[in-house]
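For reference, the structure discussed in these notes is given below.
Reckoned from all heavy atoms, side chains included, excluding hydrogens, waters and symmetry mates.
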2 protein chains.
Amino acid sequence: MTKDYGQFCGLARAARVLGERWALLIVRDLSVGPRRFKDIHEGLPGVPTSVLTTRLRELEQMEVLERRAAEQPGGGVLYALTAYGAELTPILDRLGRWGAQRMSAPEPGEILTSSSLAAALRAAYRPGIISAPTTYLIHAGAASAWASAGGEDLDVGADIPVCDPDVVIHAGPRLRLLLAGRLSPEDAVTSGELTIEGPAADLEVFAQAFHVPLALTVSPTASEGP
Amino acid sequence: MTKDYGQFCGLARAARVLGERWALLIVRDLSVGPRRFKDIHEGLPGVPTSVLTTRLRELEQMEVLERRAAEQPGGGVLYALTAYGAELTPILDRLGRWGAQRMSAPEPGEILTSSSLAAALRAAYRPGIISAPTTYLIHAGAASAWASAGGEDLDVGADIPVCDPDVVIHAGPRLRLLLAGRLSPEDAVTSGELTIEGPAADLEVFAQAFHVPLALTVSPTASEGP
DNA sequence: CCGAATCCGGCATGATACTG
DNA sequence: CAGTATCATGCCGGATTCGG
């Protein structure tokens with residue numbers, strides 16, 4: 001018995017691949033850029049290597065991703081989205097915004113990875129707000145991602161940008177509330193839960209250009225501290 | 001030991017619910033209209049009632065759907081999307097179009113249900129092509145769905161429309177090729193694999209207003225080294 | 001070191017039967 | 001109609017081991 005749904009339906013075909021465990025998060029990570037097996041594995045805590053191998057093969061067979069030979073550091077394999085797989089990016093961004101509506105604070109044990117932060121920044125971007133091209137570097141916990149925005153265009157990546165960033169933001173989980181407009185940039189800075197290197201006014205622009213609404217009555221986190 | 005992904009990520013939160021088996025197809029069916037337990041079960045061949053019960057409870061707890069008391073025919077229970085769950089409709093439509101790109105003909109054993117046909121018509125609709133409001137009724141195999149289009153708006157449903165349709169189309173699996181533009185309306189009619197009740201010219205408009213491209217050509221995979 | 005393959009316990013799934 | 005009960009299979013999660 002295969003695990004398809006036996007239906008002549010585009011959504012059922014998509015669900016056959018993307019509905020498998022970890023598949024959506026694998027595509028999410030690759031939507032930020034090509035990754036090695038180890039990178040993907042470390043970015044998805046809890047996935048056994050056997051399952052990851054199986055998923056990568058399935059996604060490769062469906063032509064969502066492809067294996068490439070890494071060149072720079074000692075060979076190895078790079079996994080990258082195909083053009084077909086890259087078409088999923090805006091769809092997963094919308095799905096991520098949908099899911100983020102009920103996500104205000106991390107639950108116990110939840111982590112934030114650099115790739116997911118980069119994907120979240122891309123999903124949060126609202127074109128047409130940032131006039132002067134700006135590169136942001138955001139540190140949130142152990143995760144780091146950058147976003148280079150100018151007019152309608154946006155480029156994101158995990159970890160450290162190639163060129164020097166214009167604005168560097170150090171934040172914590174409450175960055176989510178800033179993106180939702182539930183935490184004003186001034187309060188975030190004055191309370192000390194967010195620091196910014198660069199013009200303080202840039203944080204205002206950042207919070208407007210990167211926005212993910214929150215449809216939830218937020219209970220102010222009773223506990224403070226890490 | 002829950003089946004969440006342990007990540008503070010909107011997509012991971014969405015995948016926790018929608019990544020479970022059958023969940024996407026349940027939402028798809030409900031996106032067409034409220035359904036009874038039996039309707040959903042019959043529209044998803046192969047799902048055990050125990051699994052369906054579990055999914056419905058999970059989706060209810062996540063406020064994607066809600067249980068209502070059916071009124072008209074002898075009470076019972078109706079499952080319907082909440083406003084939050086209805087926000088998934090355009091996303092699943094895009095995901096369905098993505099998956100349909102590689103779907104030209106049904107594989108052995110694949111069926112077509114009325115709800116999936118209705119959802120496919122909605123996903124295929126391109127606004128601004130149909131000028132005069134028109135109600136189409138499409139029969140494809142054992143499935144029937146209708147679409148009432150006028151200007152920018154569209155309404156779809158499974159089975160039979162409330163008001164009399166303007167155009168009735170009897171088709172088979174090759175309807176997929178018509179929607180992809182790979183089968184001309186004339187050829188479809190002259191070959192006899194599609195019949196139409198009403199003005200034959202309406203089929204031309206239908207094929208233009210309802211379109212889902214098909215990318216079957218083998219991707220050249222222009223691998224560009226990073 | 002990276003990219004897996006292998007082994008094993010536990011749980012979800014799929015199939016069928018049965019009940020309020 | 002709307003589920004619940006039961007059971008075999010197979011996948012997933014965790015750890016270890018193997019090949020380049």
Side-chain angles (χ1 to χ4, degrees), chain A residues 1-7 12 15-26 29-30 34-61 65-80 109-111, chain B residues 1-7 12 15-26 29-30 33-61 65-80 109-111 226:
Chain A
M1 222 16 165
T2 59
K3 50 183 139 184
D4 60 64
Y5 290 94
Q7 301 211 353
R16 174 184 179 173
V17 198
L18 302 176
E20 294 299 306
R21 190 143 172 83
W22 301 106
L24 281 177
L25 299 191
I26 292 170
D29 280 15
L30 293 183
R35 293 283 185 274
R36 296 161 170 275
F37 186 94
K38 189 194 179 190
D39 297 329
I40 305 173
H41 185 241
E42 291 178 349
L44 303 175
V47 58
T49 58
S50 55
V51 171
L52 182 54
T53 300
T54 303
R55 283 302 159 272
L56 289 171
R57 293 220 196 297
E58 290 171 354
L59 291 167
E60 184 189 7
Q61 190 182 0
L65 56 83
E66 62 188 3
R67 289 162 55 102
R68 296 178 184 172
E71 299 163 0
Q72 281 301 41
V77 182
L78 268 187
Y79 292 91
E110 278 190 342
I111 66 168
Chain B
M1 252 315 282
T2 59
K3 50 183 138 187
D4 62 65
Y5 290 95
Q7 301 210 355
R16 176 184 178 173
V17 199
L18 303 176
E20 294 298 307
R21 191 145 172 81
W22 300 106
L24 281 176
L25 299 189
I26 292 170
D29 279 15
L30 292 183
R35 293 282 184 275
R36 295 163 168 276
F37 187 95
K38 188 194 178 190
D39 298 328
I40 305 172
H41 184 240
E42 290 178 348
L44 303 175
V47 57
T49 55
S50 55
V51 171
L52 183 54
T53 300
T54 303
R55 284 301 160 273
L56 289 171
R57 293 219 198 296
E58 290 170 355
L59 291 167
E60 183 189 8
Q61 190 182 358
L65 56 82
E66 61 187 5
R67 289 162 55 103
R68 296 178 184 170
E71 299 163 0
Q72 283 302 41
V77 182
L78 268 187
Y79 292 91
E110 279 191 341
I111 66 167

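- Taking atom CG of residue B:Asp4 and atom P of nucleotide C:dC11, one finds them 16 Å apart after rounding to whole Å.
- Between the P atom of D:dA2 and the CD1 atom of B:Ile26 lies a distance of 14 Å, rounded to the nearest Å.
- Across the helix from C:dC1-D:dG20 to C:dG20-D:dC1, the helix axis at one end is tilted relative to the axis at the other end by 40° (nearest 10 degrees, each axis from five pairs).
- Straight-line distance from the CH2 atom of B:Trp22 to the C1' atom of C:dA15: 12 Å, rounded to whole Å.
- Taken to the nearest 0.5 Å, the CG atom of A:Leu56 stands 7.5 Å off from the CG atom of A:Leu30.
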With a cut-off of 3.5 Å and sequence neighbours excluded, list every side-chain donor-acceptor pair involving residues 41-51 of chain B.
{"from": "B:His41", "atom 1": "NE2", "to": "B:Val47", "atom 2": "O", "distance (Å)": "3.2"}

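- Residue pairs meeting the salt bridge (Lys or Arg N to Asp or Glu O under 4.0 Å) criterion with at least one member in residues 67-80 of chain B, sequence neighbours excluded: B:Glu66-B:Arg68.
- A:Leu52 places its CG atom 11 Å from the P atom of D:dG13, with the value rounded to the nearest Å.
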message: B:Leu78 vs B:Arg36, test: side-chain contact (heavy atoms from CB on, under 4.5 Å). Steps then yes/no.
response: CA-CA 5 Å; B:Leu78 268 187; B:Arg36 295 163 168 276; 3.8 Å; yes
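- Distances from the side chain of B:Arg55 to the nucleotides C:dA12, C:dA15, D:dG13 place C:dA12 closest.
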field: side-chain contact (heavy atoms from CB on, under 4.5 Å) between A:Phe37 and A:Leu52, intermediate numbers included
entry: CA-CA 8 Å; A:Phe37 186 94; A:Leu52 182 54; 3.8 Å; yes
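- Here the closest heavy-atom approach between residue A:Arg21 and residue B:Asp4 is recorded as NH2-O, 3.3 Å.
- When rounded to the nearest whole Å, the span between NE2 of B:His41 and C1' of C:dT13 equals 13 Å.
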Close N or O pairs between protein and nucleotides 3-6 of chain C (under 3.5 Å):
{"from": "C:dG3", "atom 1": "OP1", "to": "A:Val77", "atom 2": "O", "distance (Å)": "3.2"}
{"from": "C:dG3", "atom 1": "OP2", "to": "A:Phe37", "atom 2": "N", "distance (Å)": "3.2"}
{"from": "C:dG3", "atom 1": "OP2", "to": "A:Lys38", "atom 2": "N", "distance (Å)": "2.8"}
{"from": "C:dA4", "atom 1": "OP1", "to": "A:Arg67", "atom 2": "NH1", "distance (Å)": "3.3"}
{"from": "C:dA4", "atom 1": "OP2", "to": "A:Arg67", "atom 2": "NH1", "distance (Å)": "3.3"}
{"from": "C:dA4", "atom 1": "OP2", "to": "A:Tyr79", "atom 2": "OH", "distance (Å)": "2.1"}
{"from": "C:dA5", "atom 1": "OP1", "to": "A:Arg57", "atom 2": "NH2", "distance (Å)": "3.3"}
{"from": "C:dA5", "atom 1": "N6", "to": "A:Thr49", "atom 2": "OG1", "distance (Å)": "2.9"}

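- The side-chain contact (heavy atoms from CB on, under 4.5 Å) search around A:Ala15 returns A:Tyr5, B:Leu24, not counting sequence neighbours.
- Looking at residues two or more places apart in sequence or on another chain, you find a salt bridge (Lys or Arg N to Asp or Glu O under 4.0 Å) between A:Arg55 and A:Glu20, A:Glu58.
- Under the side-chain hydrogen bond (donor to acceptor under 3.5 Å, both in side chains) criterion, A:Glu60 pairs with no residue at all, not counting sequence neighbours.
- Between the CZ atom of A:Arg21 and the C1' atom of C:dA12 there is a distance of 11 Å, given to the nearest Å.
- When heavy atoms are screened at a 4.0 angstrom cut-off, A:Glu42 is found touching no nucleic acid atom at all.
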